[in-house]
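A short write-up of the structure that comes next.
In what follows, every heavy atom counts, from backbone to side chain, and hydrogens, waters and symmetry copies are set aside. Counting starts at 1 for both ligands and their atoms, in listed order. Numbers here are sequence positions counted from 1. All values reported here derive from a predicted model rather than from experimental measurement.
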Amino acid sequence: MSRPLRKVVFPVAGLGTRFLPATKVVAKEMLPVLDRPLIQYAVDEAVDAGADTLIFVTNRYKHSIADYFDTAYELEQKLERAGKKELLALVQNVVPKHVRCVFVTQAEALGLGHAVLCAKPVIGDEPFGVILPDDLIWNKGPGALRQMTEFAASEGAGAIAVEEVPHEQTDKYGIVDAVPVNERAALIKHVVEKPKPDVAPSNLAIVGRYVLPGRIFELLEKTRPGAGGEIQLTDGIAALLAEQKVYAYRFDGTRFDCGSKLGLVRATLHFALEDPSLAEATRQFVNAAKH
Ligand code: G1P
């Protein structure tokens with residue numbers, strides 16, 4: 001696993017039912033945090049980690065994600081003619097020129113493990129990253145996936161992003177049982193998908209970032225449906241642990257759970273407060289709302 005990471009998978013076939021009715025026509029990953037869709041934050045993080053191939057596992061209804069990464073000829077021509085160079089650059093630079101986007105269809109919603117397995121023909125046998133765009137991770141330095149990629153390469157192992165969650169929420173996450181090796185990393189002994197709080201081995205939860213070896217695909221092919229009747233990535237990783245080291249990694253950064261309304265609101269406020277042109281007015285609005 002010491003080869004650099006080139007490929008990152010984005011499982012984006014989910015229905016986004018928590019955001020209905022908006023998600024009747026807008027893919028969940030296209031919901032904006034300020035002026036950028038969620039998927040853009042995820043893609044930027046992948047590119048920051050060194051990826052040059054982005055693999056979107058989508059479904060047949062979600063054309064907007066492919067459209068977003070495609071060339072918008074008419075719009076670009078109009079902006080060019082109007083001399084609106086900055087806007088043109090925004091439209092053209094959603095991914096750098098050297099990065100290619102590949103779209104794979106997940107025909108049936110059989111679970112996250114199955115979605116990742118759909119990327120096998122594009123990845124083959126090399127280490128790759130997975131980003132779940134719902135989990136938006138912000139920080140000022142290197143992105144979470146880059147931090148994990150560097151750690152995984154130095155150890156020749158896999159890495160999964162984790163953070164502590166309230167104990168009563170263990171049944172919303174994959175939960176790891178791991179032995180710390182330094183202040184950020186812990187060697188995973190065991191991993192279980194969405195355990196009830198009374199049987200959870202810890203409150204250290206998987207958040208949506210993974211660096212995995214190509215071997216995981218063969219293990220996912222053999223993985224039977226687990227929690228929720230779905231083929232779980234967590235169960236594939238549990239099988240991988242019998243063969244290889246995988247570390248839980250506490251990244252430096254703040255995670256926003258944008259799969260929930262509150263998380264999306266928090267992320268939006270956070271980015272508004274980080275934006276010099278919006279910060280003061282946002283602060284005033286938030287302070288006024290307190291009273
Ligand atoms: C998925 C994974 C889970 C992980 C979570 C992080 O669950 O299966 O292990 O903790 O993402 O967001 P989901 O949120 O898709 O149910």
Contact region, L233 to ligand 1, non-hydrogen atoms below 4.0 Å, reads neither
Report, in ascending order of atom number, the atoms of ligand 1 lying under 4.0 Å from any heavy atom of T234.
-> 9 (O)
Please indicate whether any nitrogen or oxygen in I206 is less than 3.5 Å from any nitrogen or oxygen in ligand 1.
-> yes
CG of L31 to CG of L38: how many Å apart, nearest 0.5 Å?
-> 6.0 Å
To the nearest 0.5 Å, what is the distance between CD (E45) and CG (L145)?
-> 5.5 Å
For the residue pair Y41 and F271, is the inter-centroid distance of their aromatic rings smaller than 6.0 Å?
-> yes
For D135, the atoms of ligand 1 under 4.0 Å from one of its heavy atoms are 6 (C), 12 (O)
Contact (N/O only, under 3.5 Å) between V207 and ligand 1 | no
Protein non-hydrogen atom found under 4.0 Å from atom 15 (O) of ligand 1 = no
Can you check whether V94's main-chain N or O pairs, donor with acceptor, with Q40's side chain at less than 3.5 Å?
-> yes
Looking only at N/O atoms, are E193 and ligand 1 under 3.5 Å apart anywhere?
-> yes
Check the pair Y249 / Y210 against ring pair (Phe, Tyr, Trp, His ring centres under 6.0 Å), numbers first and verdict last.
-> CA-CA 10 Å; Y249 192 85; Y210 307 77; over 10 Å; no
Expected output: side-chain T282 to main-chain L273 donor-acceptor under 3.5 Å = no
Which of the ligand 1 atoms, numbered from 1, are nearer than 4.0 Å to a heavy atom of L132 | 11 (O)
Any atoms of ligand 1 less than 4.0 Å from a non-hydrogen atom of Q232? List them with their elements.
-> 8 (O)
for atom 13 (P) of ligand 1, nearest protein heavy atom and its distance come out as K194 NZ, 3.6 Å
Give a yes or no on whether R266 atom CZ has more than 12 heavy-atom contacts from other residues, nucleotides or ligands under 6.0 Å away.
-> no
Any salt bridge between K28 and D134, counting N to O under 4.0 Å?
-> yes
Which one holds for L112 and ligand 1: side chain close, backbone close, both close, or neither close, with close meaning a heavy atom under 4.0 Å?
-> side chain
